[in-house]
Amino acid sequence: MITFRDVTKTYEDGTTAVQSFSLEIKEGEFFVLIGPSGCGKTTTLKMINRLHNVTDGDILIDGKSISDHNIHELRWNIGYVLQQIALFPHMTIEENISIVPELKSWKKGDISKRVDELLDLVGLDPSTYKKRKPSELSGGQQQRVGVARALAANPPIILMDEPFSALDPLSREQLQQDFLRLKEKIQKTIVFVTHDMNEALTLGDRICLMKDGETVQVGTPEEFMNQPKNDFVKSFIGNRRSVLQLPLEELLEDLQLNPPLTPAREVDSSTTLGEALAVIADEKALTIMRKGEPVGILTNDMVLHFLHVHSQEGGLV
Ligand code: ADP
């Protein structure tokens with residue numbers, strides 16, 4: 001568990017980036033920090049692994065102040081993925097992923113096994129990629145290596161700062177979809193910074209919307225959709241709010257459902273897309289029923305894809 005207790009960060013030039021920020025991030029939670037540029041997301045994230053120091057207040061990990069942790073151990077136990085993955089250009093992919101396990105003096109055989117396992121996990125064939133240099137990979141593949149590297153020594157916490165935002169829309173969506181599956185498998189506490197509400201709604205267990213260094217609303221995607229606290233929250237959710245309030249019935253064609261071949265939790269087509277989104281994260285797939293008959297299967301990937309297309313088109317409604 002990560003606890004922010006009344007945290008304030010003022011930079012040397014007098015800029016207060018984060019102000020009286022209190023928050024509890026639960027173990028195993030996928031927690032999203034979202035808000036407009038300059039609202040303090042990155043500063044908040046970087047204070048967790050002490051890349052920035054807290055000016056006032058405290059951050060605790062499992063009840064212990066981060067200032068009482070040995071800084072090296074703290075960083076080894078917190079994976080970190082950035083927008084532009086800083087892979088070391090002169091090192092192979094395998095060497096890049098092995099850095100923290102080597103620092104932790106893992107046995108060579110264990111490191112090598114772990115590299116293969118991680119490359120498989122992030123969808124890169126180990127025999128094809130592990131001896132390559134970063135420049136021989138696409139941007140999307142480099143981000144995948146970045147995720148593998150952050151997971152290398154099996155840290156309980158992963159910090160991710162806009163990890164997909166430098167990618168072209170197609171690679172970005174592919175990586176988001178793969179990451180949806182990955183997050184179920186790895187079961188870590190993930191703190192994820194984004195300015196993309198689609199990403200927040202589809203990946204996050206809970207979301208914190210920030211403005212001017214302060215919390216505006218903390219809640220589940222469903223709470224954001226159904227109980228936006230004020231106009232700022234509403235404007236941030238934008239036209240997704242209306243589409244998420246539509247019943248599935250009206251979206252069946254656009255959602256392009258799979259045929260209902262495998263059993264999944266059943267929901268009636270009168271359910272709104274927002275309600276479906278709230279349960280789909282746990283269920284992974286839903287069978288949409290109309291008048292007691294199954295009409296198709298809806299998965300989280302489909303909702304993500306739909307929201308992307310929807311926001312690119314500027315909204316259907
Ligand atoms: P976000 O990630 O939401 O875009 P940041 O945490 O990067 O926001 O920045 C929050 C505020 O702090 C901004 O006003 C930014 O200009 C300022 N800031 C960030 N880093 C520094 C720094 N090293 N020195 C001074 N001000 C900074």
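Atoms within each ligand, like the ligands themselves, are counted from 1 in listed order.
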(request) Write out the residue and atom name of the closest protein heavy atom to atom 8 (O) of ligand 1, then the distance separating them to 0.1 Å. (result) Gly40 N, 3.1 Å
(request) Name the closest protein heavy atom to atom 7 (O) of ligand 1, giving the residue it belongs to and the distance to 0.1 Å. (result) Thr42 CB, 3.8 Å
(request) Verify, without hydrogens or angle tests, whether Arg114 (side chain) and Ala153 (backbone) share a donor-acceptor contact under 3.5 angstrom. (result) no
(request) Report, in ascending order of atom number, the atoms of ligand 1 lying under 4.0 Å from any heavy atom of Ser37. (result) 4 (O)
(request) Could you state whether Leu257 and Met289 fall into the same hydrophobic cluster, counting links through intermediate Ile, Leu, Val, Met, Phe, Trp or Tyr residues with side-chain heavy atoms under 4.5 angstrom apart? (result) no
(message) Give me the nearest non-hydrogen protein atom to atom 17 (C) of ligand 1 as residue plus atom name, then the distance to 0.1 Å.
(response) Thr15 CG2, 3.8 Å
(message) Using a 3.5 Å cut-off on N or O atoms only, is Thr43 in polar contact with ligand 1?
(response) yes
(message) Can you check atom 19 (C) of ligand 1: any protein non-hydrogen atom closer than 4.0 Å?
(response) yes
(request) Do me a favour and list the nearest non-hydrogen protein atom to atom 1 (P) of ligand 1 with residue, atom name and distance? (result) Gly38 N, 3.5 Å
(request) Anything under 30° is parallel, anything over 60° is perpendicular, the rest tilted; go ahead and classify Phe4 against Phe21. (result) perpendicular
(message) We want to know whether Thr299 and Asp301 form a side-chain donor-acceptor pair, criterion being a heavy-atom distance below 3.5 angstrom.
(response) no
(message) Show me which atoms of ligand 1 lie under 4.0 Å from any heavy atom of Lys41.
(response) 1 (P), 2 (O), 3 (O), 4 (O), 6 (O), 8 (O)
(message) Yes or no, since that's all I need: does a protein heavy atom fall within a distance strictly under 4.0 Å of atom 24 (N) of ligand 1?
(response) yes
(request) Determine the sole option in Lys183, Arg172, Arg144, Lys185 for which the salt bridge (Lys or Arg N to Asp or Glu O under 4.0 Å) test with Asp178 is passed. (result) Arg144
(request) Measure the acute angle between the ring planes of Phe192 and Phe30, then classify it against the limits of 30° and 60° as parallel, tilted or perpendicular. (result) tilted
(message) With heavy-atom distances below 4.5 Å as the criterion, would you say the side chains of Glu162 and His195 are in contact?
(response) yes
(request) Examine Ala17 against ligand 1 and note whether any of their N/O atoms are separated by less than 3.5 Å. (result) no
(request) Among all protein heavy atoms, pick out the one at the shortest distance from atom 26 (N) of ligand 1; state its residue, atom name and that distance to 0.1 Å. (result) Tyr11 CD1, 3.3 Å
(message) Looking only at side-chain N and O atoms, does Thr194 offer a donor or acceptor that is under 3.5 Å from a partner on Asp196?
(response) no
(request) List every atom of ligand 1 that sits less than 4.0 Å from any heavy atom of Pro36, numbering the atoms from 1 in the order shown and giving each element. (result) 3 (O)
